[in-house]
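For ligands, and for the atoms within them, numbers begin at 1 and follow the listed sequence. Predicted model only: the values in this text are computed from it and were never measured. For the single chain, residues carry numbers from 1 onward in sequence order.
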Amino acid sequence: MSFQDVLEEVLADISAYRGQGKVAGYIPALAKVDGQKLGIAAVLSDGRSYAAGDADEAFSIQSLSYVFALALALEHHKSALWNHVGREPAGSPVNSIIQLEMEKGRPRNPLTAAGSLVVCDQLIGRRAPDEALDELLAFLRRCAADEAIAVDETLAMSESHAGALNRSLANFIAAFGNLNNPVEDVLSFYFRQCSIAMTCRQLARAALFLAFDGTDPVSGEAATIPSRSRRINALMLTAGHYDNSGDFAFRVGLPGKSAVSGAILAIAPGHGAVCVWSPGLNAAGTSLAGAVALERLVERTGWSVFV
Ligand code: GLN
């Protein structure tokens, strides 16, 4: 059976889940997305991409951006980044503020909203936020081998208008002295990284380096060194899905990252990268049909980091 057939079978298999779950409602522009959308794409070691369903339709990458921003921030700051953000699973909702108080403004890990705000601040460094955003976009375009990737500015505005909680998180972190840049500069970067529009196919391609120890197997270009790539995968496995990271590791067994737009990125080390998109979310904020699709995919391929 060809890999294309596998993807098509997976989608056919999970059709009963299409449209299930709740489309995120707290960002007005995101709430308008059609909950029936369902797409999956995988890119394997030779760079060939396979796709089924709505895999070529763009959506906002939301917190999938945290992974790419983290990779870049680690290139800039190396292990000094960990002075500002931890590496433990949070076991709490993505935008929880409670832990921040107990841990004195140093977020649990870079894959929570608070953690990503700190990563954004570090990535901006001493530059103008736009310059840092251009670097992130250039990184995504290079990794995805696609120059067309851009920010959906309407969505970014909508996120900013609905951003009271993220604003609170950023101010709270700033109160503990863990932001170097003005809160609004960090938020503007953060809302725009979340509003980058990409397709499943582009995202799977962009994340391929994480399946091959930091180096794009097609171009031979290193996005990061092997140890950093492995550590990013470790964080995705332990903290990539808010308070259902354990359940995702149990069911799928691959490093991954969920986003509120209903996208899930999964890394199969040595094999390839997969992105699935279905906007309906489970109670913890992970794509309901998306997680089932990945479960079916690993059943068929035998992919797991635990073999
Ligand atoms: N922009 C979203 C937020 O911070 C991203 C959250 C997510 O995808 N989990 O609210």
Side-chain angles (χ1 to χ4, degrees), residues 21-33 35 37 58-70 85 89-97 99-100 107-121 123 129 133 136 140 151-173 179 183-184 186-198 200 203 207 235-236 239-245 247-248 256-266 275-288 290-291:
K22 240 178 121 193
V23 178
Y26 72 105
I27 301 169
L30 203 58
K32 290 193 202 131
V33 178
K37 297 286 179 191
F59 48 83
S60 62
I61 68 173
Q62 296 297 333
S63 55
L64 300 191
S65 64
Y66 300 179
V67 175
F68 298 96
L70 171 65
V85 61
S92 55
V94 63
N95 44 20
S96 165
I97 202 162
Q99 246 165 16
L100 262 186
R108 265 289 165 105
N109 69 66
L111 302 183
T112 59
S116 187
L117 285 162
V118 167
V119 170
C120 292
D121 177 58
L123 191 53
L133 191 78
L136 179 61
L140 282 168
V151 174
D152 176 343
E153 295 289 353
T154 311
L155 194 79
M157 291 274 278
S158 182
E159 287 222 22
S160 181
H161 286 138
L165 187 50
N166 284 319
R167 243 175 216 100
S168 308
L169 290 171
N171 278 294
F172 207 60
I173 298 165
L179 288 187
V183 164
E184 281 303 324
V186 176
L187 285 166
S188 141
F189 180 99
Y190 175 83
F191 292 137
R192 293 171 80 211
Q193 75 162 5
C194 289
S195 303
I196 293 171
M198 288 175 75
C200 285
L203 279 158
L235 287 162
M236 288 170 84
H241 315 271
Y242 334 118
D243 47 352
N244 63 164
S245 300
D247 189 54
F248 188 89
K257 180 76 194 84
S258 288
V260 77
S261 48
I264 309 177
L265 195 58
C275 183
V276 60
W277 173 51
S278 169
L281 309 177
N282 69 16
T286 291
S287 171
L288 196 152

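Near N166, meaning under 4.0 Å from any of its heavy atoms, are these atoms of ligand 1: 3 (C), 4 (O), 10 (O). Listed by number with element, the atoms of ligand 1 under 4.0 Å from a non-hydrogen atom of Y26 are 2 (C), 3 (C), 6 (C), 10 (O). Per-residue contacts place A259 under 4.0 angstrom from the following atoms of ligand 1 (heavy atoms of the residue considered): 8 (O).
Backbone and side-chain nitrogen or oxygen atoms of E159 are examined, and one is located within less than 3.5 angstrom of a nitrogen or oxygen of ligand 1. Between V260 and ligand 1, a contact under 3.5 Å exists for at least one N or O pair.
Proximity of L64 to ligand 1, defined as any heavy-atom pair under 4.0 Å, is not found for any part of the residue. With a heavy-atom cut-off of 4.0 Å, F191 does not touch ligand 1 at all.
Atom 5 (C) of ligand 1 has as its closest protein heavy atom Q62 OE1, 3.2 Å. Here the protein heavy atom with the shortest distance to atom 4 (O) of ligand 1 is Y190 OH, 2.4 Å. Atom 7 (C) of ligand 1 has as its closest protein heavy atom S63 OG, 3.1 Å.
Looking at Q193 and S116, their side chains do bring a donor and an acceptor atom within 3.5 Å of each other.
In this structure, L203 CG and L265 CG are separated by 6.0 Å, a value rounded to the nearest 0.5 Å. Taking CG of L187 as the start and CG of L169 as the end, the distance is 9.0 Å to the nearest 0.5 Å. For the atom pair CD of Q62 and CZ of F191, the computed distance is 10.5 Å after rounding to the nearest 0.5 Å.
Of the possible donor and acceptor atoms, none in the side chain of Y66 sits under 3.5 Å from a partner among the backbone N and O of V119. Between the side chain of E159 and the backbone N or O of S195, no donor-acceptor pair lies under 3.5 Å. Using modelled atom types, one side-chain atom of S158 and one backbone atom of A29 make a donor-acceptor pair closer than 3.5 Å.
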